[in-house]
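Right, one structure below, let's go through it.
For ligands, and for the atoms within them, numbers begin at 1 and follow the listed sequence.
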Amino acid sequence: MNKNLRKAVIAGNWKMNKTRPEAKALIEELKPLVAGADCGVVICVPYTNLETALEATKGTNIAVGAENCHWAESGAFTGEISAAMLKELGVQYVVIGHSERRQYFGETDVTVQKRVRAALDAGLQVILCIGELLEQREAGITEEIVGMQTKVALGGVTEAELKNIILAYEPVWAIGTGKTATAQQANEVNHYIRTVVEGLYGKAAADAITIQYGGSMNAKNAEELLDQPDVDGGLIGGASLKAPDFAAIVKAASR
Ligand code: PEP
């Protein structure tokens with residue numbers, strides 16, 4: 001597999017953090033720190049911060065994403081936001097299938113697939129999260145789990161549409177826990193996911209797709225993780241809330 005075929009993307013997932021003034025301050029601090037980065041830089045922010053983020057990042061190399069979207073175009077889905085609404089705002093990316101959505105909000109592989117479809121149809125770029133629970137890793141079924149999640153989520157996605165998808169391997173046991181997968185564990189699973197994509201779409205598509213690692217990536221461990229041949233960037237939670245830490249990860253990906 002040739003890493004030079006793919007550009008790394010570092011995406012922040014702010015989760016349910018930051019009021020609008022706090023969001024603006026964080027982005028203003030981040031802008032000069034990541035200007036000229038040689039990797040994609042994305043911040044995925046709460047819905048209430050999207051306009052603030054879009055305004056503050058105008059003319060910069062920072063792209064803006066949302067953290068979820070619904071699968072329907074519109075209708076009686078109280079509290080939900082459609083992909084078309086995000087697109088109309090000017091949002092470029094959306095995170096789909098984050099483990100916190102799966103864990104706390106009943107997200108399943110099937111609803112993930114529906115959301116992916118809606119996001120692609122609306123013209124958004126998708127950061128699609130997959131990853132095993134600790135018990136699944138301990139039972140030796142990590143590959144079966146991430147393979148199934150990948151296959152179901154990509155059901156109906158054409159090879160042409162795949163260029164609008166970033167996969168993010170996020171072992172659930174490593175998210176927000178301070179427990180990072182070793183660089184070798186991250187690379188092994190990312191490599192396996194690439195073979196799944198190859199089985200579905202062929203080698204060229206597998207070589208071209210960006211597969212991030214996410215799970216307690218920080219300024220200290222980013223370089224080793226990002227050096228792995230199949231790790232094409234990161235989805236960053238906690239460390240994306242501090243501009244210097246996020247910028248250090250962007251720097252590590254830009255080498
Ligand atoms: C995430 O939210 O996707 C994530 C990886 O979080 P953290 O970096 O805090 O583990």
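- Although no hydrogens or angles enter the test, the distance criterion places a donor-acceptor pair under 3.5 Å between the side chain of T60 and the main chain of I62.
- Counting heavy atoms under 4.0 Å from ligand 1, residue L235 touches it through both backbone and side chain.
- Of all protein heavy atoms, the one closest to atom 4 (C) of ligand 1 is G237 N, 3.5 Å.
- Summary of contacts: the protein heavy atom closest to atom 1 (C) of ligand 1 is H98 NE2, 3.2 Å.
- Counting only heavy atoms of the protein, atom 5 (C) of ligand 1 lies nearest to E170 OE2, 3.1 Å.
- Remark: ligand 1 atoms within the under-4.0 Å shell around heavy atoms of G176 are 7 (P), 9 (O), 10 (O).
- Which parts of ligand 1 touch S216 is read off a 4.0 Å heavy-atom cut-off, strictly below it: atoms 7 (P), 8 (O), 10 (O).
- Remark: E161 engages R117 in a salt bridge, criterion side-chain N to carboxylate O under 4.0 Å.
- Between E67 and R101 there is no salt bridge, since none of the side-chain N atoms of the basic residue sits less than 4.0 Å from a carboxylate O of the acidic one.
- In terms of protein heavy-atom proximity, atom 9 (O) of ligand 1 is closest to G238 N, 2.8 Å.
- We find that E198 and R194 are not joined by a salt bridge, their nearest charged nitrogen and carboxylate oxygen being 4.0 Å or further apart.
- The closest approach between G215 and ligand 1 falls below 4.0 Å for a heavy atom of the residue.
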**Request:** Could you give me the CA-CA distance, side-chain angles and deciding distance for D232 and K7, then say whether salt bridge (charged side-chain N to carboxylate O under 4.0 Å, His left out) is met?
**Result:** CA-CA 7 Å; D232 312 316; K7 195 170 183 181; over 6 Å; no
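- A salt bridge is defined here as a Lys NZ or Arg NE, NH1 or NH2 lying under 4.0 Å from an Asp or Glu carboxylate O, and R137 with E132 meets this definition.
- Rounding to the nearest 0.5 Å gives a distance of 11.0 Å between CG of L124 and OH of Y93.
- Proximity of A174 to ligand 1, defined as any heavy-atom pair under 4.0 Å, is confined to the backbone N, CA, C and O atoms.
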